[in-house]
Amino acid sequence: MNNYIRAVRELACEILDLMAEGLWVRDPSYFSKMIRDVENDSFFRINHYPSCCNNNTTRVGFGEHSDPQILTILRSNDVGGLQISPDHGVWIPVAPDSAAFCVNVGDVLQAMTNGRFVSVRHRALSYSSQSRMSMAYFGAPALQARVSAPPEMVTTNRPSLYRPFTWAEYKATAYSLSLGDNRLDLFINCKDDDHKKLLD
């Protein structure tokens, strides 16, 4: 298990480095160094969603939410249930593939990219006669790490959308609210209309 966690952490760091390069961030390790920090707050979780007695029954295994961390690397068995919502109220099933990873952008990465990458809202349903298993690595900064967008992400046309915060501050806020709340909205640095226009 420790070997697997090390491997998916390295995968997360490689993905983050590629994102930084694609955004022309001068330091390509700007995002990944937060996960590489020896005091990072990353964790690993195994989820089990029991089978339903018949295919006409649907239960919520994990309610609508976005991941508060930087990046999530998810792998599951060949049983469906994961859904994403790129639009409010629209749910799209993610086809199960036990040979692939699902990568979720988290709230912290949305803030660090100044809204260029958006934290996806998702949920897990249980509606199959088979049980669903998933393994999730949540890459997170150290508690006292300062979260802010690099200078390359902030321009006069796209000012900083979020005020700087520490991961400890954001984590405390995230876990004090309901699962489905838009926690990142509490850290908006400009008016709601401006924020929505820039994210669109």
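As a basis for the values below, the full set of heavy atoms in this structure was taken, side chains included, without hydrogen atoms, waters or symmetry mates.
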message: Just to verify, what does Tyr30 make a ring pair (Phe, Tyr, Trp, His ring centres under 6.0 Å) with, not counting sequence neighbours?
response: none

message: I'd like to check Leu74 versus Phe101 (side-chain heavy atoms, cut-off strictly below 4.5 Å). Are they in contact?
response: no

message: Are Leu82 and Cys102 packed together at the side-chain level, in the sense that at least one heavy-atom pair is separated by less than 4.5 angstrom?
response: yes

message: List the residues meeting side-chain contact (heavy atoms from CB on, under 4.5 Å) with Arg26, not counting sequence neighbours, and say none if there are none.
response: Glu152

- prompt: Can you tell if the side chain of Leu184 reaches within under 4.5 Å of the side chain of Gln110, non-hydrogen atoms only?
  reply: yes

field: Flag for Asp67-Thr72: side-chain donor and acceptor within less than 3.5 Å
entry: yes

Donor-acceptor pairs are to be reported for all side-chain atoms of residues 138-151 against protein atoms at under 3.5 Å, with residues two or more places apart or in another chain.
residue, atom, partner, partner atom, Å
Arg146, NH1, Ser148, OG, 3.4

field: Test side-chain contact (heavy atoms from CB on, under 4.5 Å) applied to Leu18 - qualifying residues, sequence neighbours left out
entry: Glu21

message: Measuring centre to centre across the rings, with the benzene-like ring taken for any Trp, is Tyr137 within less than 6.0 Å of Tyr4?
response: no

query: Does any N or O in the side chain of Asp107 come within less than 3.5 Å of the main-chain N or O of Ser119, such that one atom is a donor and the other an acceptor?
result: no

- line: Taken in chain and number order and not counting sequence neighbours, the residues that satisfy side-chain contact (heavy atoms from CB on, under 4.5 Å) with Asp17 are Ser29, Ser32, Arg36

task: Under the side-chain contact (heavy atoms from CB on, under 4.5 Å) rule, collect the residues that match up with Ile84, sequence neighbours excluded.
output: Pro86, Ile92, Val94, Val120, His122

message: Quick one, Ser134 and Tyr49 - any side-chain contact, counting heavy atoms below 4.5 Å?
response: yes

field: Partner set under salt bridge (charged side-chain N to carboxylate O under 4.0 Å, His left out) for Asp78, not counting sequence neighbours
entry: none

Candidates Asn104, Leu16, Val108 - the one meeting side-chain contact (heavy atoms from CB on, under 4.5 Å) with Leu71: Leu16

task: Please name all residues satisfying salt bridge (charged side-chain N to carboxylate O under 4.0 Å, His left out) with Arg121, sequence neighbours left out, ordered by chain then number.
output: Glu64

field: Listed partners of Arg163 passing salt bridge (charged side-chain N to carboxylate O under 4.0 Å, His left out), at least two apart
entry: Glu169

Set of ring pair (Phe, Tyr, Trp, His ring centres under 6.0 Å) partners for Phe117, sequence neighbours left out: none

message: Under the rule for salt bridge (charged side-chain N to carboxylate O under 4.0 Å, His left out), what residues qualify as partners of Arg75, not counting sequence neighbours?
response: none

- prompt: Given side chains that start at C-beta, do those of Asn189 and Leu161 come closer than 4.5 Å, heavy atoms only?
  reply: no

- request: For the pair Asn47 and Met133, evaluate side chain to side chain contact (heavy atoms under 4.5 Å, CB included) and give the outcome as yes or no after the intermediate values.
  value: CA-CA 6 Å; Asn47 300 309; Met133 295 285 294; over 6 Å; no

query: Mind checking what makes ring pair (Phe, Tyr, Trp, His ring centres under 6.0 Å) contact with Tyr170, not counting sequence neighbours?
result: Phe165, Phe187

